[in-house]
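Each ligand, and each atom within it, is numbered from 1 in the order the structure gives. None of these values were measured; they are calculated from a predicted model.
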Amino acid sequence: MTTMTETLRDDALDRIFRTARSYSSWLEKPVTDDTLRQVYDLMKWGPTSANTCPARIVFLRTPEARERLRPALSPGNVEKTMKAPVTAIIAYDLLFYEKLPKLFPHNPGMRDLYARNPQLVEVTAKRNSSLQGAYLIIAARALGLDCGPMSGFDNARLDEEFFGAGKECDGCEQEFFPAGHVKSNFLCNLGYGDSSKLFPRGPRLAFEEACTLL
Ligand SMILES: Cc1cc2nc3c(=O)[nH]c(=O)nc-3n(C[C@H](O)[C@H](O)[C@H](O)COP(=O)(O)O)c2cc1C
């Protein structure tokens, strides 16, 4: 049992950070819907401001669903995405504050604070859905998956296709998708990566280059 003062074992830290890579090639091993549910059920515990939880996620698992994405992708991202077992669209709901009576019940004024301030809504939705996307990557890696995050796509085109007013979300019942208030943030391919196709890893900035102790 891990207590708050203990660190995770080295092999766990390697899996999540030190040896984890961004993948573009995938083994032919499917990802089950149950695994995707497990990823969400872990990542949802990551913190967001005022517990806003603005991220909304579309998991594309079928070739038909992915074909709808193709026209929005940058040319360099097409093949790796079409061959990935799953592509997650990490999006954010600009009406996230309507859930605050449930998510932040001890401060009923929060809903109105956001409802009155569209600029605050936008910055909050983008910041926290980006964080939640990072939590997704960490959760996926913790559960044995590999990730290939991507921002090389046309957000407006994707939003029109998946979140545009009147669009259907095949097979999903969530009311928020077709209503025009959900916007894409970034994409993340998910699967089991083919490490034989990796390029050598890029370096990172040293502590002294990126951090200051005051
Ligand atoms: C938000 C985000 C957007 C990215 N966009 C792309 C992309 O459009 N296409 C691509 O091939 N890689 C993309 N990458 C992958 C990065 O280049 C990669 O994560 C980085 O070089 C580190 O690689 P490593 O994890 O293998 O060390 C993106 C990564 C992130 C986090």
| said: Under 6.0 Å from the ring centre and within 45 degrees of the ring axis: does the NZ or CZ of Arg56 meet both conditions for the six-membered ring of Tyr92? | reply: no
| request: For the pair Glu79 and Lys83, find out whether any cationic side-chain nitrogen is under 4.0 Å from an anionic carboxylate oxygen. | output: yes
| said: I'd like to know whether the aromatic ring centres of Tyr23 and Tyr192 sit less than 6.0 Å apart in this structure. | reply: no
[atom]: which protein heavy atom is closest, and how many Å away?
| atom | answer |
| --- | --- |
| atom 20 (C) of ligand 1 | Ser22 OG, 4.2 Å |
| atom 28 (C) of ligand 1 | Pro149 O, 3.1 Å |
| atom 9 (N) of ligand 1 | Asn77 OD1, 2.9 Å |
| atom 26 (O) of ligand 1 | Arg21 NE, 2.6 Å |
| atom 11 (O) of ligand 1 | Lys80 NZ, 2.6 Å |

For [X], atoms of ligand 1 separated by under 4.0 Å from a heavy atom:
| X | answer |
| --- | --- |
| Arg204 | 22 (C), 24 (P), 25 (O), 27 (O) |
| Arg201 | 24 (P), 25 (O), 27 (O) |
| Gly152 | 8 (O) |

| request: Say whether Asp34 and Thr32, considering side chains only, have a donor N or O and an acceptor N or O under 3.5 Å apart. | output: no
| task | Evaluate the 4.0 Å heavy atom contact test for atom 17 (O) of ligand 1: does a protein atom fall under the cut-off? | result | no
| task | Assess whether side-chain hydrogen bond (donor to acceptor under 3.5 Å, both in side chains) is satisfied between Thr19 and Asp14, documenting all intermediate values. | result | CA-CA 5 Å; Thr19 56; Asp14 286 347; 5.2 Å; no
| field | Minimal non-hydrogen separation, Cys53 against Thr48, with atom names | value | N-OG1, 3.1 Å
| query | Would a distance-only check, ignoring hydrogens and angles, find a side-chain to backbone donor-acceptor pair under 3.5 Å from Arg157 to Ala72? | reply | no
| Given Ser74, Ser130, Ser151, which one has a non-hydrogen atom that is nearest to atom 5 (N) of ligand 1? | Ser151
